[in-house]
Amino acid sequence: MLQLQAIRDNKEEIINALKKRNIDAAPLLQEVLQLDEKRRAAQTQLDATLAESNALSKEIGQLFKTGKADEANSLKDKTGILKEDSKKLSEELHNTTEQLQNKLYQIPNVPHESVPSGNTENDNEEVFKEGDIPTLHTHALPHWELAKKYDIIDFELGVKITGAGFPVYKGKGARLQRALISYFLDKNAEAGYTEMQVPLVVNEASGFGTGQLPDKEGQMYHIGEDDLYLIPTAEVPITNLFRGDLLSKKDFPICYTGYTPCFRREAGSYGSHVRGLNRLHQFDKVEIVRVEHPQHSHKALDGMVEHVKTILRELKLPYRILRLCGGDLGFTAALTYDFEVFSTAQDRWLEISSVSNFETYQANRLKLRFKDEKGKSQLAHTLNGSALALPRVLAGILENYQTENGIRIPEVLIPYCGFDTID
RNA sequence: GGAGGAAUGGCAGAGUGGUCGAAUGCACUAGUCUUGAAAACUAGCGAGGGUCACACCUCCGGGGGUUCGAAUCCCUCUUCCUCCGCCA
């Protein structure tokens, strides 16, 4: 959520920046400013009424104390009117505030200056590329065929017990999965991220805090009976750990990592691009989350990108980094780098990590602030990224590491797996 | 699930109808002293709205009510603690 003060001060800049997302925010911002003005007018009026009423109450108290009951009683009539007025005014204030809030929720984050404009993923800007694309043997298979051939992932079994998009990992497949999780967590810990284990279901307030609610309810599984949501990413519970906090600057930098399964309804996604592990309802991910001082957040973002690079380098997977264009940028992000692994057998790039700076957008919703040098509280910056999402990394490994005699295990994972080949 | 108790500023903890946005302690910030630090002393120190700045308004877990007036009384929800039951 954007800050009202920022909209008041920099309306034109914001409208211009939002053009990168291909939206014309002018009418919406205009409405926001009008509602804001209306809200403040109501507030002022209410304040004055309450002030008068407070003063009278004090006076009545004094009169009773000094035994002037008649005078006191005559003043009481007056407060009755004021009470009615203030009730009406506070209702008006409440309504206006709610309308204003709803409008504010509709405005996406302002893209960072480095974000290229563009409409679709084709307009994303490739900023880095590394790793050799392997030459596979002539009978190379996509990962869903490999999974079947070596009996390491069973999609049909998942359908039987749950439904499509809930695979069952078997034997060495399960072990490799667990190895990746441990390996990622270890790498993140090494880089200074504190490991956290958090709940996999969250309440409504948490959904609002990170921006999944309102509007994106459809993405999350909702447990109606208890009004809880299955997390779509560890970003939600981990970032919400700080909801409502007032930090001091010495608390920075805050670096957390956590492994969680992630649940996504992904309504309406079907077709060849979602085959196998490409898109699932339940998948595993290791996430990194940072809470930063505004001055250091973009440096922190670069640090996160470098960190993810080192992991992919160690895994010896060919990958590239994209800076997302305005049209592809998530609603709450100011700047996002996507990591994609090249799947040689599918001959396409697979997104395996998304690293973003949300600046104050989430913090404003979360009321996550810190005391600055002058002792004033201001909003912190939040960031997060995948380090990494499992299924497509697994797909990349299976496909890129396949040989005629089986699938080799990347060297760094062998100690975690306890075997070096899947055959 | 049953019975009882509790929720106050960053933390601890007073406060049972007006003088309470709230004692006190700790923490924190600035200053004095010191080569520096510690200790001691002095001062400041909750959050949000509002204002050029004041004024003023709101907030004592959330919501509602009683009253001229509520941290304080009533209702309700949530959470925590103690005891009992059940249970991995």
Side-chain angles (χ1 to χ4, degrees), chain A residues 1-9 32-104 197-209 213 223-229 237 240-252 254 291 293 360 362-380:
Chain A
M1 191 165 66
L2 297 184
Q3 294 173 85
L4 209 39
Q5 193 61 49
I7 298 176
R8 266 189 239 156
D9 296 344
V32 163
L33 289 178
Q34 273 166 10
L35 281 168
D36 176 45
E37 220 160 285
K38 197 175 159 195
R39 200 209 95 241
R40 277 186 292 162
Q43 175 91 63
T44 307
Q45 227 179 325
L46 175 64
D47 284 2
T49 310
L50 287 174
E52 201 178 333
S53 167
N54 286 344
L56 277 175
S57 290
K58 231 171 229 178
E59 211 176 313
I60 289 170
Q62 288 302 319
L63 288 172
F64 271 124
K65 220 171 248 176
T66 50
K68 297 174 185 160
D70 311 346
E71 280 182 57
N73 283 321
S74 71
L75 282 180
K76 277 195 193 180
D77 300 338
K78 226 172 166 181
T79 59
I81 300 167
L82 288 173
K83 206 176 170 184
E84 265 176 52
D85 285 353
S86 64
K87 197 165 188 177
K88 256 184 252 164
L89 284 168
S90 79
E91 259 171 46
E92 191 187 324
L93 177 65
H94 186 255
N95 289 338
T96 312
T97 306
E98 202 175 283
Q99 284 175 41
L100 179 61
Q101 191 73 5
N102 287 337
K103 290 289 171 202
L104 281 173
Q197 280 196 23
V198 290
L200 307 181
V201 292
V202 292
N203 57 29
E204 199 181 37
S206 294
F208 272 92
L213 296 173
I223 305 163
E225 198 169 2
D226 299 299
D227 201 16
L228 295 171
Y229 295 86
N240 270 283
L241 294 173
F242 299 96
R243 174 151 44 85
D245 281 5
L246 182 58
L247 305 167
S248 82
K249 58 182 190 242
K250 66 176 183 229
D251 292 327
F252 298 127
I254 293 170
V291 180
H293 190 287
T360 58
Q362 288 183 329
N364 193 25
R365 291 184 168 206
L366 292 159
K367 301 243 177 310
L368 166 50
R369 297 154 303 157
F370 70 99
K371 286 263 192 209
D372 66 16
E373 294 71 17
K374 290 175 192 149
K376 288 200 71 170
S377 50
Q378 57 167 300
L379 295 172

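Below, chains carry the letters A, B, ... as their sequence lines are ordered, and counting in each starts from 1. Source: prediction; values computed, not measured.
- For K83(A), the side-chain atoms get nearest to G69(B) when compared with the rest of G69(B), A47(B), G50(B).
- Side-chain N/O atoms of N102(A) and E98(A) include no donor and acceptor closer than 3.5 Å.
- Here the separation of G21(B) from C59(B), taken at their C1' atoms, is 9 Å to the nearest Å.
- Between the CG atom of L246(A) and the P atom of G46(B) there is a distance of 12 Å, rounded to whole Å.
- Contact record, L50(A) with S86(A): CD2-CB, 4.0 Å, taken as the closest heavy-atom pair.
- For the P atoms, the distance from A27(B) to C41(B) is 12 Å, rounded to whole Å.
- Residues satisfying the side chain to side chain contact (heavy atoms under 4.5 Å, CB included) criterion with A205(A), sequence neighbours excluded, are N203(A), R243(A).
- For the P atoms, the distance linking G61(B) with U16(B) amounts to 15 Å, nearest Å.
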Nucleotides 17-23 of chain B: which of its N/O atoms have a protein N/O under 3.5 Å away?
residue : atom : partner : partner atom : Å
G18(B)  : N2   : S57(A)  : O            : 2.8

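- Between C80(B) and U8(B), the distance separating the two P atoms is 14 Å to the nearest Å.
- For the side chain to side chain donor-acceptor pair (under 3.5 Å) test, no residue two or more places apart in sequence or in another chain qualifies with E52(A).
- For A47(B), the paired base is U58(B) (Watson-Crick or G-U wobble, both distances below 3.5 Å).
- Taking atom P on both nucleotides, C26(B) is separated from A43(B) by 14 Å, rounded to a whole Å.
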Pick out the pairs of N or O atoms, protein on one side and nucleotides 54-58 of chain B on the other, that lie under 3.5 Å.
residue : atom : partner : partner atom : Å
C57(B)  : OP1  : N54(A)  : ND2          : 3.1
C57(B)  : O2'  : D47(A)  : OD1          : 2.8

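- The salt bridge (charged side-chain N to carboxylate O under 4.0 Å, His left out) contacts involving residues 79-95 of chain A comprise nothing, where partners must be two or more places apart or lie in separate chains.
- With C68(B), G48(B), G49(B) as the candidates, the nucleotide lying closest to the side chain of R39(A) is G49(B).
- Atom CG of D251(A) and atom P of C28(B) are 13 Å apart (whole Å).
- The salt bridge (charged side-chain N to carboxylate O under 4.0 Å, His left out) analysis of residues 32-44 of chain A, with sequence neighbours excluded, yields the pairs R8(A)-D36(A), D36(A)-R39(A), D36(A)-R40(A).
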For this session: Test side chain to side chain donor-acceptor pair (under 3.5 Å) on Q5(A) and D9(A) and set out the steps.
Result: CA-CA 6 Å; Q5(A) 193 61 49; D9(A) 296 344; 3.2 Å; yes
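- With P as the reference atom, C28(B) and A37(B) are 15 Å apart, rounded to whole Å.
- Residues F252(A) and A380(A) come closest through the heavy atom pair CZ-CB, 4.1 Å.
- With rounding to whole Å, D36(A) atom CG is found 11 Å from G49(B) atom P.
- As rounded to the nearest Å, C68(B) and U82(B) have P atoms that lie 43 Å from one another.
- Between L379(A) and F370(A) the shortest heavy-atom distance is O-CE2, 3.4 Å.
- Nucleotides C20(B) and C77(B) have their P atoms positioned 34 Å apart, rounded to a whole Å.
- Without hydrogens or angle criteria, R365(A) side chain to F208(A) main chain gives a donor-acceptor distance under 3.5 Å.
- Among the protein residues, S377(A) comes within range of the sugar-phosphate backbone only, with heavy atoms under 4.0 Å from sugar or phosphate atoms but none that close to a base.
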